[in-house]
Amino acid sequence: MPRKHTLREKIEQRIARKKGEDVFLTREFKTLGGEDQVLRVLRKLVDDGRLVRLGYGVYGRATVSSLSGKPMLYSRDGFAGVARQALDKLGVKWEPTEAQRAYNEGRSTQVPVNPVVRVKGRFSRHLRYRNAELVLE
């Protein structure tokens, strides 16, 4: 008789299947178990270095740094890309700021240091990773 998978194994399998995504919301795992159980497993995955917590109910894919041995955010686009992906998953309408558009169009050489987006509507969560925080206009 085959062994049943634990909730942790089910969540890890679901994360592994989503190759193009670097952001996960707790509600994506709601069908696998109770809310407290899912949160407990996600917290354990953060402790083990498989995920990093970016904000309330928002987690990012992590990898272990070869230099420090500590978990770090795994994304091709860095924190800015992960923050935009999180906004999309949360259903928040956003657009790039004027400074970011000026840089992309070649009208400016100043690179925005912190990711800044203009949010259309209400959004009150804070998304941050270490020292970087998403700034809302």
Side-chain angles (χ1 to χ4, degrees):
M1 188 160 133
R3 181 179 71 84
K4 291 188 175 184
H5 293 288
T6 64
L7 179 60
R8 180 184 173 126
E9 291 170 344
K10 290 177 186 177
I11 289 176
E12 286 178 338
Q13 287 173 357
R14 188 167 286 184
I15 289 171
R17 277 196 308 260
K18 297 184 178 192
K19 291 285 185 199
E21 299 179 21
D22 297 324
V23 174
F24 307 99
L25 305 177
T26 54
R27 63 180 172 215
E28 294 179 48
F29 307 109
K30 185 170 59 173
T31 59
L32 298 178
E35 182 181 357
D36 290 340
Q37 294 169 324
V38 169
L39 289 174
R40 192 176 312 120
V41 170
L42 291 174
R43 203 169 26 250
K44 185 69 174 154
L45 289 172
V46 169
D47 292 342
D48 293 345
R50 301 285 313 265
L51 294 175
V52 284
R53 188 169 187 266
L54 301 173
Y56 179 76
V58 182
Y59 295 86
R61 192 182 299 267
T63 185
V64 177
S65 171
S66 59
L67 298 174
S68 67
K70 296 180 181 178
M72 60 183 236
L73 187 63
Y74 177 78
S75 175
R76 188 174 58 107
D77 300 327
F79 176 69
V82 168
R84 291 185 196 110
Q85 192 178 61
L87 290 174
D88 290 338
K89 276 196 166 188
L90 290 168
V92 177
K93 304 264 191 248
W94 63 273
E95 63 183 21
T97 60
E98 181 59 36
Q100 194 173 12
R101 270 185 273 169
Y103 176 74
N104 291 339
E105 294 170 0
R107 294 183 284 134
S108 172
T109 58
Q110 293 182 348
V111 179
V113 177
N114 289 326
V116 181
V117 294
R118 179 175 295 131
V119 175
K120 300 176 180 179
R122 293 177 53 172
F123 182 71
S124 60
R125 290 192 197 192
H126 296 279
L127 297 177
R128 67 173 58 106
Y129 172 68
R130 293 189 180 162
N131 295 335
E133 182 173 358
L134 179 68
V135 180
L136 305 174
E137 264 189 8

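The chain is numbered in sequence order, starting from 1. Quantities reported herein were computed from a predicted structural model and do not represent experimental measurements.
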task = Quick one: list whatever passes salt bridge (charged side-chain N to carboxylate O under 4.0 Å, His left out) with R8, sequence neighbours left out.
result = E12, D48
ask   = Apart from V119 itself, what residues make up its hydrophobic cluster when side-chain heavy atoms of I, L, V, M, F, W and Y under 4.5 Å apart count as a link, directly or indirectly?
value = V23, L25, V52, L54, V58, M72, L73, F79, V82, L87, L90, V92, W94, V117, F123, L127, Y129, L134, L136
query = Of all residues at least two apart in sequence or in a different chain, which pass the side chain to side chain contact (heavy atoms under 4.5 Å, CB included) check with K120?
reply = K93, E95
query = Between R61 (side chain) and S75 (backbone), is there a donor-acceptor pair under 3.5 Å?
reply = no
Check: T26 and Y56 side chains under 4.5 Å, non-hydrogen atoms = no
Verdict with supporting geometry, I15 and L51, side-chain contact (heavy atoms from CB on, under 4.5 Å) = CA-CA 10 Å; I15 289 171; L51 294 175; 4.0 Å; yes
query = Can you list every pair that meets salt bridge (charged side-chain N to carboxylate O under 4.0 Å, His left out) and has a residue in residues 128-137, with sequence neighbours left out?
reply = R118-E137, R128-E133
ask   = Sequence neighbours excluded, which residues qualify as side chain to side chain contact (heavy atoms under 4.5 Å, CB included) partners of R17?
value = Q13, R14
query = Going only through I, L, V, M, F, W and Y residues with side-chain contacts under 4.5 Å, is there a path from F24 to Y74?
reply = no
Within residues 66-75 or reaching into it, pairs that qualify as salt bridge (charged side-chain N to carboxylate O under 4.0 Å, His left out) - sequence neighbours excluded = none
ask   = What pairs with R107 under side chain to side chain contact (heavy atoms under 4.5 Å, CB included), at least two apart in sequence or on another chain?
value = E98, R101, A102, E105
inquiry  = According to side chain to side chain donor-acceptor pair (under 3.5 Å), who are the partners of T97, at least two apart in sequence or on a separate chain?
reply    = none
Greater than 12 external heavy atoms within 6.0 Å of N131's CG = no
message = Per the salt bridge (charged side-chain N to carboxylate O under 4.0 Å, His left out) rule, what does the pair list look like for residues 78-88, sequence neighbours excluded?
response = none
request  = List for me each residue that meets side chain to side chain donor-acceptor pair (under 3.5 Å) alongside E28, sequence neighbours excluded, and say none if there are none.
outcome  = K18, K89
request  = Under 4.5 Å between side-chain heavy atoms, chaining through other members, with only Ile, Leu, Val, Met, Phe, Trp and Tyr counted: pull out the rest of the cluster around V135, sorted by chain and number.
outcome  = V116
Less than 3.5 Å apart, which donor and acceptor atoms pair up between the side chains of residues 34-46 and the rest of the protein, not counting sequence neighbours?
{"residue": "Q37", "atom": "OE1", "partner": "G34", "partner atom": "N", "Å": "3.0"}

